[in-house]
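Remember, predicted model here, so these are calculated numbers, not experimental data. What you see below is based on every heavy atom in this structure, not just the backbone, and it leaves out hydrogens, waters and symmetry mates.
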Amino acid sequence: MLAAFSGFPRSVTAARLGAVTLVSGLVAAGALSGAGTAVAEERPQTEGGATATINGLKTYGEAVIHEDGGDQRVAAGLFEMSVDGGGTLQTYCVDIHNPTQRDARYHETSWSGTSLGTDKDAGRIRWILQNSYPQVNDLAALARQAGVHGLTEQDAAAGTQVAIWRYSDGVKVDAVDPQAEKLADYLEKSARNSAEPQASLTLDPPEVSGRPGDLLGPVTVHTNAGGVTVVPPADAATSGVRIIDKTGKVITSAEDGSRLYFDIPEAAADGSAQLTVQASTTVPVGRAFASDSRSQTQILAGSSESTVSATAGATWAAKGAIPAVSARKNCAKGGVDVTAANKGDQPFTFQLTGVEHTIPAGASRTVTVPLQEDQAYDFTITGPNGFSRRFTGVFDCKTQGALTTKSTQTLSEPSPATVGGSPTTTDTDLASTGGSAITPMIAGVAIGLVVIGGAVLVVLRRKEAHEGD
């Protein structure tokens, strides 16, 4: 429903950035004495909300980054994403020094899981999003507010992106178009702190545990949607597990603030289950979108009616330790927070990065696994009765990554066509507009092969001429 998308551009640019280099440094941990040999079960590590695939840079102009190594022209503007299950998102980049990976998968997340979590100006960025294009779709009105003589969509997108970069990345950057630059200055000077928006849909906590015959929960629904559909566990018909409210009524729909419980039959064997909630809503402006493929962090500028979802898991056992484990990135603490709760009658002991942790019966604890920037992690926590949870990802919390601005959306190769001196939408592929450290090497190898080939031809021709004599 693109009509619901405030200021949704009609452009059809197919721009994409080049692929990012792979990160290194894998963290592996997790073993529990007495643990079963079951294969680690991977729980979704997203907090819930929208999951989308980036389609590329759609509406943009040009900007110049001023750094010690010299000036560099880059594309600056709006990206577009396709939401799983239906819907479209518009986003700006808050991570100028890293490229956008082609067709990267993104998930909605809180600011604390991105560079925005440690950025004192994150609230100003949200103010810019709320008070500029595409949320302000009347470009004439926006131009009057900024004191400029008219704005195109490309100018508005470029100026907005430049203003955001000045706060998100702390770089010296200017828009090439004079009107876009004036808009960027106006937005930067006018920005005020604004609160982080709530998630479109989450479940809290994401994991619960307990004994058969008990109500496991509550799991609370947090959403801006008018209502959500509750999907019970896939094997509910055979396992007898039900999703109910506190009165015992089976729940198939819920709303913001609803409390859900897993009703486990008293005779159920030790096991686990998941529930899913889904809704259709507009994702709040200012929500962060991160990718575990080390693609540029994005921040939401506009949303159509989109499909959002969240999951919660439950584990139960008749006796012993009964763990519930979840994980979440925490950029302020420099690692991944692993939260473990134990609803059993025996302590729950596990290891992380070689350190043993014990959760007493009836208690919970959060352990932070320290990680370096750009470090990949993969750790598994195991427990009794075959309990096993695996958590994987990449720790991406800084805008200054290992890559340089030469890996951003540069305009060194086919630049957008211009109308009246302003870049417009085009089918430029950002895989070609974004250079990288390997590009000169490839070019050098190609030139070298041409030179070698030419030399061989000269030698052969001279040999033929000599033999002809």
Side-chain angles (χ1 to χ4, degrees), residues 27-48 202-220 233 235 239 241 243 259-275 310-330 333-371 377-393:
V27 172
L32 172 68
S33 57
T37 57
V39 176
E41 181 179 359
E42 285 197 63
R43 296 292 202 198
Q45 292 180 62
T46 66
E47 300 171 19
T202 59
L203 293 174
D204 183 41
E207 292 281 336
V208 295
S209 62
R211 300 179 184 278
D214 293 343
L215 298 184
L216 277 53
V219 174
T220 304
D235 62 347
S239 68
V241 176
I243 307 303
R259 294 188 172 189
L260 312 179
Y261 296 82
F262 289 84
D263 181 23
I264 312 301
E266 190 170 358
D270 298 350
S272 63
Q274 274 188 299
L275 70 83
T311 62
T315 302
W316 60 89
K319 60 182 180 179
I322 314 175
V325 181
S326 60
R328 178 179 295 185
K329 291 181 186 177
N330 188 329
K333 290 185 178 181
V336 173
D337 285 343
V338 177
T339 299
N342 178 16
K343 293 293 186 178
D345 54 20
Q346 295 293 325
F348 171 48
T349 301
F350 63 96
Q351 291 186 357
L352 274 175
T353 58
V355 179
E356 186 175 274
H357 304 275
T358 297
I359 313 299
S364 65
R365 182 178 301 167
T366 297
V367 178
T368 301
V369 180
L371 296 170
Y377 60 89
D378 185 348
F379 53 87
T380 299
I381 297 176
T382 56
N385 305 308
F387 176 88
S388 186
R389 295 289 182 270
R390 182 185 180 192
F391 302 99
T392 64

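- In this structure the side chain of Arg365 reaches within 4.5 angstrom of the side chain of Pro360, judged on heavy atoms.
- Put simply, the side chain of Thr315 reaches to within 4.5 Å of the side chain of Arg389, judged on heavy atoms.
- By the side-chain hydrogen bond (donor to acceptor under 3.5 Å, both in side chains) test, Ser364 is found to be paired with no residue, residues two or more places apart in sequence or in another chain being considered.
- Within the structure, salt bridge (charged side-chain N to carboxylate O under 4.0 Å, His left out) contacts touching residues 340-352 (residues at least two apart or in different chains) are Arg211-Asp345.
- A distance of 12.5 Å separates OG of Ser272 from CD1 of Ile322, quoted to the nearest 0.5 Å.
- The CG atom of Leu216 lies 11.0 Å from the CG atom of Leu275; values are rounded to the nearest 0.5 Å.
- In this structure, the side chain of Asn385 does not engage the main chain of Gly271 through any donor-acceptor pair within 3.5 Å.
- The two residues Ala327 and Val336 make their nearest non-hydrogen contact at CB-CG1, 3.9 Å.
- In terms of heavy atoms, Val208 sits closest to Gly217 at CG1-CA, 4.0 Å.
- Taken from CG in Leu371 to NZ in Lys333, the straight-line distance is 13.5 Å, to the nearest 0.5 Å.
- The CG atom of Asn342 lies 10.0 Å from the CZ atom of Phe350; values are rounded to the nearest 0.5 Å.
- For residues 260-269, the salt bridge (charged side-chain N to carboxylate O under 4.0 Å, His left out) pairs, not counting sequence neighbours, are Arg242-Asp263.
- Looking at residues two or more places apart in sequence or on another chain, you find a side-chain hydrogen bond (donor to acceptor under 3.5 Å, both in side chains) between Thr366 and Thr339.
- The nearest pair of heavy atoms linking Pro218 to Arg259 is CB-CB, 3.8 Å.
- Using cut-offs of 30° and 60° on the angle between ring planes, the pair Phe348 and Phe387 is perpendicular.
- The side-chain hydrogen bond (donor to acceptor under 3.5 Å, both in side chains) check on Thr368 picks up Asp337, with sequence neighbours excluded.
- Taking each heavy atom of Ser209 and Pro323 in turn, the nearest pair found is CB-O, 3.6 Å.
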Self-check item: CA sep, side-chain torsions, deciding dist, call: Phe262, Leu215, side chain to side chain contact (heavy atoms under 4.5 Å, CB included)
Solution: CA-CA 6 Å; Phe262 289 84; Leu215 298 184; over 6 Å; no
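- Atom CG of Asp235 and atom CD of Gln274 lie 11.0 Å apart (nearest 0.5 Å).
- In this structure, the separation between CD on Glu47 and OG1 on Thr202 is 7.5 Å, given to the nearest 0.5 Å.
- With sequence neighbours excluded, the residues forming a side chain to side chain contact (heavy atoms under 4.5 Å, CB included) with Ala310 are Leu201, Leu203, Val277, listed by chain and number.
- The nearest pair of heavy atoms linking Pro212 to Trp316 is CG-CD1, 3.8 Å.
- Residues Pro205 and Ala312 come closest through the heavy atom pair O-CB, 4.2 Å.
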